[in-house]
Amino acid sequence: MLHRTFIVLFSLSIMLVSFVVNAQPKQKNEGKPKNVILLIGDGMGLAQVYGAKLTSETPLNILKSTHVGMMTTHSSNDEVTDSGAGGTAIATGFKTKNGMIGMTPDSVEVPSMLDIFASKGLSTGVVVSCAVTHATPASFIAKDVSRNHSEAIALDYLNSPVDVVIGGGLKHFNKRKDGRSLTKEMESKGFVFYDKLSANIKKGSSKLLILSDSVHPVKMLEGRGKLLPDGTQIALETLGKHPKGFFLMVEGSQIDWAGHANDSAYLISEMRDFDETVGVALNFLKENPETLVIVTADHETGGLTFPHGAIKGTYRFDFSTGDHTGIMVPVYAFGVGAEAFTGQYDNTDLIRKIMEVTGYKF
Ligand code: MG
Ligand code: ZN
């Protein structure tokens, strides 16, 4: 009898201890992120990241990630994707044919994660270092059979729920065949419009349209300056005020163009700009721990390699192609929910993982 009482008491005390342990306050990385920042380096394979590391005197922000995954990137009709199909797979979770935007291969329009987050009441934005009508940002905003329909894609911005838009592409909004001024039409929908990134951006406006260039902003090597990191900072200050949280997509657009050009100096300067922008997102995460930051790519460009002596002095890397390649790309995750992004998966799985950790249905 005494023996049995002891066992019961012992079990009860074990239960009590485990209850007390479980009742400890949650660590800050538990729970669901309120904000999602997705940074896409267009054409940024592992070699591009490593090349930036090799040539940088300070540690890369990207490589501070403790949760890393790998994504396959093929499109519905090719082992090697373009940025339209690659962006669409990431943004919507559907494979499509190279050249298409926001649609399945049989031209059925599908919502992007920006559309989905906006429909849940979050604020949303895109910040890029190309025309905002270009394939990657267009994948989050537009639905079109061709990534080249720049004017139709600009019109999709007018009808998108997006709140903050920063990049180039003014021509496609205001010098159109249909004669419309989409910047005026967006102003009448509540956007504050600027034709450059200036210090006088009105704080407090919740809808911002900044189109800094007629088509594409220039290269870093030609003096683009801080468009991407400062644009990202402005977007975070604007979207960060929203009580329900936000989704922001940021693209280092010209990493890809440097790869196509097989230009090492161009590549490194664009990678540095992108990594500095990742730093802006990580600073936001430090101040706002209820945030998930994902850094990834739509595909690799250039087939970049590092032969002996490649980095001595002049940074002359080797490229095996002027095109995209079909190699897997890395995914670096930070903040709440980062654990979900380790392992090996397909680019169409990224949206499912993001929706799962944020607690929204996909
Ligand atoms: Mg792109
Ligand atoms: Zn490309």
Side-chain angles (χ1 to χ4, degrees), residues 38-45 47-49 71 73-75 77-92 96-102 112-114 125-142 144 146-150 153-154 156-157 162 165-169 172 211-213 215-220 224 227-228 231-232 248-264 266-267 269-271 273-274 277-278 294-304 319-329 347 350:
L38 173 62
L39 300 110
I40 300 177
D42 195 318
M44 185 188 75
Q48 281 74 5
V49 176
M71 274 191 334
T73 66
H74 60 92
S75 70
N77 66 332
D78 201 316
E79 189 52 46
V80 179
T81 189
D82 83 318
S83 294
T88 297
I90 291 171
T92 72
T96 195
K97 288 187 219 162
N98 284 355
M100 293 176 81
I101 295 287
S112 72
M113 66 174 96
L114 186 146
V126 296
V127 180
V128 298
S129 48
C130 62
V132 298
T133 48
H134 208 249
T136 310
S139 301
F140 289 80
I141 301 289
D144 208 295
S146 172
R147 56 180 284 176
N148 298 322
H149 295 161
S150 303
I153 290 167
D156 282 347
Y157 271 89
V162 70
V165 179
I166 303 176
H172 307 306
L211 298 174
S212 62
D213 294 82
V215 187
H216 299 306
V218 297
K219 302 172 182 179
M220 283 307 291
R224 187 168 74 237
L227 176 68
L228 199 65
T232 300
L248 174 65
M249 194 285 289
V250 178
E251 185 200 19
S253 316
Q254 299 197 27
I255 298 165
D256 173 63
W257 304 351
H260 284 293
N262 288 6
D263 185 331
S264 305
Y266 185 10
L267 177 62
S269 61
E270 295 298 331
M271 277 300 303
D273 179 56
F274 183 63
T277 306
V278 171
I294 304 282
V295 181
T296 189
D298 50 356
H299 53 75
E300 195 271 350
T301 306
L304 182 61
F319 296 86
S320 59
T321 176
D323 200 350
H324 302 171
T325 68
I327 198 165
M328 290 189 288
V329 294
N347 56 4
L350 196 71

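Count residues from 1 along the sequence. In listed order, ligands and their atoms are each counted from 1.
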Handout entry: Heavy-atom side-chain proximity of Val126 to Glu251 below 4.5 angstrom
Key = no

Exercise for the section: Report, as a single number, the protein N, O or S atoms less than 2.8 Å from the Mg ion (ligand 1). Expected result: 3

Practice task
Would you check if Thr96 and Ile101 make a side-chain contact, meaning some heavy-atom pair closer than 4.5 Å?
Solution key: no

Exercise for the section: Report yes if some heavy atom in the side chain of Asp42 is under 4.5 Å from a heavy atom in the side chain of Gln254; otherwise report no. Expected result: no

Handout entry: Sidechain-backbone polar pair: Asp298 side chain, Gly43 backbone, donor-acceptor under 3.5 Å
Key = yes

Practice task
Indicate yes or no: at least one non-hydrogen side-chain atom of Leu350 is less than 4.5 angstrom from one of Met71.
Solution key: yes

Exercise for the section: Keeping the roles fixed (side chain from Thr321, backbone from Gly302), state whether a donor-acceptor pair exists under 3.5 Å. Expected result: no

Handout entry: Beyond-backbone contact of His216 with His134, side-chain heavy atoms, under 4.5 angstrom
Key = yes

Handout entry: Residue pair Thr81 / His74, side-chain heavy-atom distance below 4.5 Å
Key = no

Problem - Note, Ile90 side chain near Leu38 side chain (heavy atom, < 4.5 Å) - result: yes

Exercise for the section: Everything protein-side that's N, O or S and under 2.8 Å from the Zn ion (ligand 2): list it, residue and atom. Expected result: Asp256 OD1, Asp256 OD2, His260 NE2, His324 NE2

